[in-house]
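Let me give you the structure first, and then I'll get to my questions.
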Amino acid sequence: MEKNGKVSQVLGPVVDVRFTEEYLPELYNAITVNNNGTKLVLEVVQHIGDDTVRAIALGPTEGMARGMDVIDTKAPITVPVGEEVLGRMFNVLGEAIDEKPQPKTKTMRPIHREAPSYEEQQTTAAILETGIKVVDLLVPFAKGGKLVCLVVLE
């Protein structure tokens, strides 16, 4: 089975990709496109019918055009976890953005996971220390829950 698709529509960060009849990537899979020499990662967020998926681009889509080849990685976007990443900054793709080398970690986990069960969560209020002073001071997070943090660097 062919695991490649073609871009059928680009609307800003939203990209529709048409695959063959026999194959559609799973939801949350990472798919990649060569956007004029730059590898652009997209995340599948919806099956919209007619062998087409809707994906969100995790980078600029300027220059993308219909007919560009898309490859399914057959895996979700994963990020490094463990002691090696404490105090470091990463983008949503798990790439280091703090001008230090990419850490060598044993474990990579997908960015979309189930929330911890109630048994795993603490019943007492506790603050999650991120190690980022501005975040810890202005936006303290409660331990045991799921959180999403978006950092925009320009």
Side-chain angles (χ1 to χ4, degrees), residues 1-82 84-86 88-99 101-121 128 130 132 134-135 138-154:
M1 280 189 288
E2 185 70 21
K3 305 296 188 269
N4 297 343
K6 298 262 186 208
V7 172
S8 61
Q9 177 173 262
V10 179
L11 294 169
V14 179
V15 180
D16 290 349
V17 180
R18 186 173 189 144
F19 285 85
T20 61
E21 289 181 21
E22 303 86 32
Y23 181 78
L24 270 181
E26 298 290 322
L27 291 178
Y28 302 128
N29 269 15
I31 56 178
T32 60
V33 61
N34 181 354
N35 187 15
N36 303 312
T38 304
K39 177 184 167 185
L40 177 62
V41 177
L42 306 118
E43 182 181 49
V44 176
V45 293
Q46 186 178 27
H47 293 148
I48 59 175
D50 198 27
D51 306 318
T52 304
V53 298
R54 183 152 288 156
I56 300 296
L58 301 175
T61 59
E62 286 82 15
M64 280 190 72
R66 284 181 285 172
M68 287 182 150
D69 289 324
V70 178
I71 300 170
D72 180 21
T73 64
K74 301 178 202 147
I77 297 168
T78 57
V79 295
V81 295
E84 302 87 357
V85 302
L86 293 176
R88 301 286 308 273
M89 292 187 70
F90 300 89
N91 63 14
V92 73
L93 300 174
E95 300 164 342
I97 57 172
D98 56 3
E99 299 179 0
Q102 186 73 13
K104 306 257 187 301
T105 60
K106 298 175 191 166
T107 309
M108 299 285 281
R109 293 212 177 132
I111 61 172
H112 295 284
R113 296 182 52 207
E114 291 292 321
S117 68
Y118 287 116
E119 292 79 25
E120 295 173 317
Q121 296 181 26
L128 172 68
T130 64
I132 304 168
V134 174
V135 173
L138 298 177
V139 190
F141 295 111
K143 275 189 179 177
K146 195 169 187 179
L147 61 98
V148 176
C149 185
L150 175 66
V151 177
V152 178
L153 299 175
E154 296 208 15

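The residues of the chain are indexed from 1 along the displayed sequence.
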Distance-minimising heavy-atom pair for D98 and M89: OD2-N, 3.4 Å

Side chain to side chain contact (heavy atoms under 4.5 Å, CB included) between L40 and M64, intermediate numbers included: CA-CA 10 Å; L40 177 62; M64 280 190 72; 3.5 Å; yes

Close side-chain approach of V45 and L27, heavy atoms under 4.5 Å: no

Heavy-atom closest pair, residues N35 and P60: ND2-O, 3.6 Å

T105 OG1 to E84 CD distance, which is reported to the nearest 0.5 Å: 6.0 Å

Working for side chain to side chain contact (heavy atoms under 4.5 Å, CB included), residues I77 and L93: CA-CA 6 Å; I77 297 168; L93 300 174; 4.1 Å; yes

D69 vs N34 side-chain heavy atoms within contact, under 4.5 Å: no

From CA spacing to verdict: side chain to side chain contact (heavy atoms under 4.5 Å, CB included), N91, I97: CA-CA 6 Å; N91 63 14; I97 57 172; 4.0 Å; yes

Minimum heavy-atom distance P80-Q102, with the two atoms named: CG-NE2, 4.2 Å

Nearest-0.5 Å distance that lies between atom CZ in F19 and atom CG in D72: 5.5 Å

Short side-chain to backbone donor-acceptor contact, N36 and G63, under 3.5 Å: yes

Neighbour count >12 (heavy atoms, 6.0 Å) for atom CD, E26: no

Ring pair (Phe, Tyr, Trp, His ring centres under 6.0 Å) partners of residues 24-63, not counting sequence neighbours, each pair once: Y28-H112

Taking every non-hydrogen atom, the tightest pair across A96 and P101: CB-O, 4.4 Å

side-chain contact (heavy atoms from CB on, under 4.5 Å) partner of V53, chosen from N29, L24, L42: L24

Over all atoms of both residues, closest heavy-atom pair of T52 and S8: CG2-OG, 4.2 Å

Salt bridge (Lys or Arg N to Asp or Glu O under 4.0 Å) contacts touching residues 36-55 (sequence neighbours left out): D16-R54, R18-D50

Enclosure of R88 CZ (heavy-atom neighbours >12, cutoff 6.0 Å): yes

Spacing of CD1 belonging to I111 relative to CZ belonging to F90, to within rounding of 0.5 Å: 14.5 Å

